[in-house]
Every structure is written in C-alpha cells, then in structure tokens.
Amino acid sequence: MDLLRHLRHFVVVAHELHFGRAAELLGMAQPPLSQSIQRLERELTVELFDRSRRQVRLTTAGELLLGEAEELLAGAGRLRSLMGQVRAGELGVLRAGVPPETPAVTLRSLLDGLTSRAPGLDVELHELTTAEQARMLTERTLDVGLVHHPVTADGLRFGTPVDVPLGVLLPRASPLARDRAVALASLADLDLVTAPRATAPGWHDHLLTVCRQHGWRPARVRPARNPEFLFGLVLAGGAVAVEPATVARREPRIAWRPITGASLVRRTSAAWPDRSAHPAAPMFGQLAAEVLADAEPVVPAPASVPAARPWPVLFDMTG
C-alpha cells in the first residue's frame with residue numbers, strides 16, 4: 001500500500017469535504033478517489049468521513065488524522081528535498097585532494113567557488129601528491145583529487161583537463177635570462193630541479209624523456225618538494241627548473257623563459273572513482289577546470305583527445 005499517496009488524497013478531501021471537487025484538484029476521477037479513501041480506512045480500521053448526510057464531514061478519527069497526515073506529508077517533502085540536495089552534491093562531506101604546489105590564490109578561488117555552488121557541502125581539503133591521490137582514490141579514502149597527468153591508476157574518471165605551458169626557471173643574473181626563450185639543448189651542463197619521482201611518476205619520466213630528446217641530459221636531477229627549496233637550489237647556481245610561469249612570480253630573483261623547439265605543457269584535471277562516485281565530484285572537477293583556466297594562460301586541450309590517451313600526444317606539442 002502506498003500510504004503517502006492515500007494520505008495525500010485524504011488531506012485534499014478533508015479540506016474540500018467534497019469528493020467531486022477533491023478529485024478535480026487531484027486530477028483524477030471520483031471513483032478511484034473514493035476507492036483510495038476506502039482503502040485507507042480499511043488499512044487504519046476506522047471511518048474517516050461521515051457519509052450518512054448530504055454533506056461529507058470528518059469523523060473524530062478523521063479530524064485527528066488530518067493534522068498527523070499533514071505533518072507526515074510535510075516531513076516526506078523535506079526528506080525528498082534533502083535527498084535531492086545530497087544527489088546533487090550540495091550536502092555531505094567531500095574529501096578532496098590538491099597538489100602541494102597549488103598557489104594560495106587558486107585554493108581560495110576553488111574554495112570560494114565550492115561555497116558559492118554548494119553552501120551546505122563540507123569540504124575536507126588535503127595537500128597530496130598525484131601519486132598519493134591516485135592511491136587514495138583507488139582505496140576510496142579520497143572522493144576527488146586534482147592530479148597531474150598521466151595517471152596510470154585503474155578505475156578513475158577524469159574531469160575537463162587544463163594544459164598549462166611550462167618554461168625554464170633560472171636566476172635573473174644568468175646569461176640565459178638575457179634571451180626571450182631558452183632551448184633545452186642550451187641547458188646541457190645544468191642540473192634539473194623538479195619534484196621527486198614518487199610524487200608523480202608519469203610526469204617525472206615524461207619530462208626527462210622530452211629533455212633528452214631535445215639535447216639536454218641533466219647532470220643531476222635534484223628533488224624539491226616545495227617552491228622555496230626549489231628557488232634556493234636554482235638561485236645557488238648550476239641548476240634550473242621547468243615550471244609554469246606562476247611559480248616564478250613568487251620570487252623576484254627568478255626569471256621564467258619559454259622553451260623553444262620543445263613546447264611542454266603540464267596537464268591537470270580532477271579525478272574521481274568511476275563507480276559509486278561522490279555526487280559532488282563532477283561539480284568539483286568542472287569548477288577546478290574553470291579556476292585553473294583563469295589562473296594563467298593555458299593551451300586548450302583537444303576536445304577529441306581523452307585524458308588517458310598516450311602521454312606524448314598529450315604533452316609534447318611539437319608534433
């Protein structure tokens with residue numbers, strides 16, 4: 001028995017005290033409405049209406065039921081609304097990961113956007129590398145993450161990717177900084193400062209491959225987890241880094257120069273489990289793409305190329 005449906009019918013009849021008008025308001029014929037009320041009376045084993053006179057009247061049981069029925073129907077409406085908000089990703093807790101090097105302004109824009117789009121959503125933001133996020137997403141201990149491609153973990157879905165051009169970070173006092181652009185081959189005697197391979201293995205390996213293909217075999221690869229340490233190694237001399245232009249803006253003694261002959265981009269997108277995903281994950285992914293695209297000049301990702309396509313096609317844009 002659909003109790004809520006029968007109670008809705010009862011409430012309309014109780015207010016109209018006329019089966020014909022109630023049936024019209026409900027958009028149904030009168031006989032099915034009468035049968036619905038009779039079904040409810042049999043279920044509750046009481047008479048709800050006094051039909052002995054010309055005018056329909058509520059019985060004592062009907063009067064008592066009316067208030068309870070209205071409260072129950074209102075509660076059911078609130079419950080449906082609540083579950084609708086949950087399905088839309090507007091409520092609950094979202095466990096989200098972002099790379100450690102994410103700029104503060106980007107984090108602020110992301111959090112402000114989430115608050116604006118889903119004010120009832122509680123966002124637990126975690127500072128995690130791509131490798132850590134991929135593992136936690138697979139283990140379902142993280143709902144959504146912001147990762148650098150390529151990501152080889154299975155069972156993940158990716159949001160709209162954003163490609164950010166990369167260039168060389170070097171001291172402003174370096175002779176190389178006098179040029180408007182730098183060829184990778186001109187860095188032959190220098191070390192490369194980059195994030196440890198364990199943080200994003202796919203990206204690390206791709207970067208070294210492209211460097212070697214274009215005439216630069218770094219004397220050493222020096223790991224740096226945070227920008228301040230990276231700046232220190234670059235300013236000490238004998239090393240450069242390959243990063244987005246926004247990184248150089250944090251340190252006035254560092255210059256950023258585009259790369260000639262081997263255009264590189266860093267592809268970033270949201271990622272989340274492809275099954276039983278958090279309802280807010282796609283919304284987070286779309287918002288993250290918008291925030292990243294606004295953060296700095298980007299190279300549009302080809303619409304026909306999925307995020308999981310082989311790496312050289314995605315990131316080595318020299319053709």
Side-chain angles (χ1 to χ4, degrees), residues 89 92-111 113-114 121-164 166 192-209 221-231 233 241-244 246-247 250 264-289 291-292 295 306-308 311 314-315:
V93 177
L94 179 69
R95 301 166 297 179
V98 295
E101 71 276 8
T102 305
V105 65
T106 300
L107 286 177
R108 175 66 182 272
S109 297
L110 184 59
L111 290 173
L114 289 169
L121 188 66
D122 183 8
V123 182
E124 290 184 359
L125 206 58
H126 302 273
E127 184 184 41
L128 299 165
T129 66
T130 291
E132 290 170 335
Q133 291 183 57
R135 174 179 56 80
M136 293 176 68
L137 288 168
T138 302
E139 296 172 351
R140 303 301 179 91
T141 55
L142 194 70
D143 298 315
V144 65
L146 202 54
V147 299
H148 299 315
H149 290 267
V151 179
T152 57
D154 296 328
L156 296 183
R157 184 176 300 177
F158 299 97
T160 303
V162 175
D163 291 348
V164 178
L166 301 182
L192 170 65
V193 182
T194 189
R197 184 180 185 277
T199 63
W203 166 249
H204 187 277
D205 293 347
H206 169 69
L207 176 60
L208 290 180
T209 297
V221 177
R222 307 175 71 174
R225 287 183 175 272
N226 64 74
E228 292 302 321
F229 189 65
L230 181 147
F231 294 151
L233 293 178
V242 178
E243 298 288 341
T246 51
V247 177
R250 306 183 193 183
L264 280 167
V265 297
R266 177 177 291 168
R267 170 161 287 187
T268 304
S269 79
W272 60 89
D274 61 359
R275 293 185 180 181
S276 302
H278 192 290
M283 181 266 290
F284 178 96
Q286 183 58 40
L287 176 61
V291 169
L292 290 175
W311 182 268
L314 288 174
F315 298 93

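Throughout, residue positions are numbered sequentially from 1 according to the sequence presented. What you see is a predicted model; the values in this text were computed from it and never measured.
The line from OG1 of Thr138 to CG of Leu156 is 5.0 Å long, rounded to the nearest 0.5 Å. Note: Arg135 CZ to Thr129 OG1 = 8.5 Å, rounded to the nearest 0.5 Å. Here the OG1-CZ distance, from Thr268 to Phe158, works out to 12.0 Å after rounding to the nearest 0.5 Å. To the nearest 0.5 Å, atoms OG1 (Thr106) and CG (Leu111) are separated by 11.0 Å. Atoms CG and CZ, from Asp143 and Arg95 in turn, are 4.0 Å apart once rounded to the nearest 0.5 Å.
Looking at Arg250 and Glu228, no side-chain N of the basic residue comes within less than 4.0 Å of a carboxylate O on the acidic one, giving no salt bridge.
Between Thr194 and His204, the side chains place no donor N or O within less than 3.5 Å of an acceptor N or O (distance only, hydrogens not considered).
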Apply side chain to side chain contact (heavy atoms under 4.5 Å, CB included) to the pair Val242 and Leu192, showing each step before the final yes or no.
CA-CA 8 Å; Val242 178; Leu192 170 65; 4.0 Å; yes
Pair Leu292-Leu146, side chain to side chain contact (heavy atoms under 4.5 Å, CB included): steps then yes or no
CA-CA 10 Å; Leu292 290 175; Leu146 202 54; 4.1 Å; yes
Working for side chain to side chain contact (heavy atoms under 4.5 Å, CB included), residues Leu230 and Glu101:
CA-CA 11 Å; Leu230 181 147; Glu101 71 276 8; over 6 Å; no
Verdict with reasoning, Arg140 to Arg275, per side chain to side chain contact (heavy atoms under 4.5 Å, CB included)
CA-CA 10 Å; Arg140 303 301 179 91; Arg275 293 185 180 181; 3.8 Å; yes
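The side-chain contact (heavy atoms from CB on, under 4.5 Å) test applied to Arg222 returns Asp191, Val193, Arg220, Leu233, Ala239, not counting sequence neighbours.
Aromatic rings of Phe284 and His278 (six-membered ring for Trp) have centroids beyond the 6.0 Å cut-off, not under it.
Here the closest heavy-atom approach between residue Gly145 and residue Gln133 is recorded as CA-OE1, 2.9 Å. Listed here is the closest heavy atom pair of Leu264 and Leu207: CD1-CD1, 3.9 Å.
Using a 4.5 Å heavy-atom cutoff, the side chains of Pro100 and Arg225 are not in contact.
In terms of modelled atom types and a separation under 3.5 Å, the side chain of Ser109 and the main chain of Val291 share no donor-acceptor contact.
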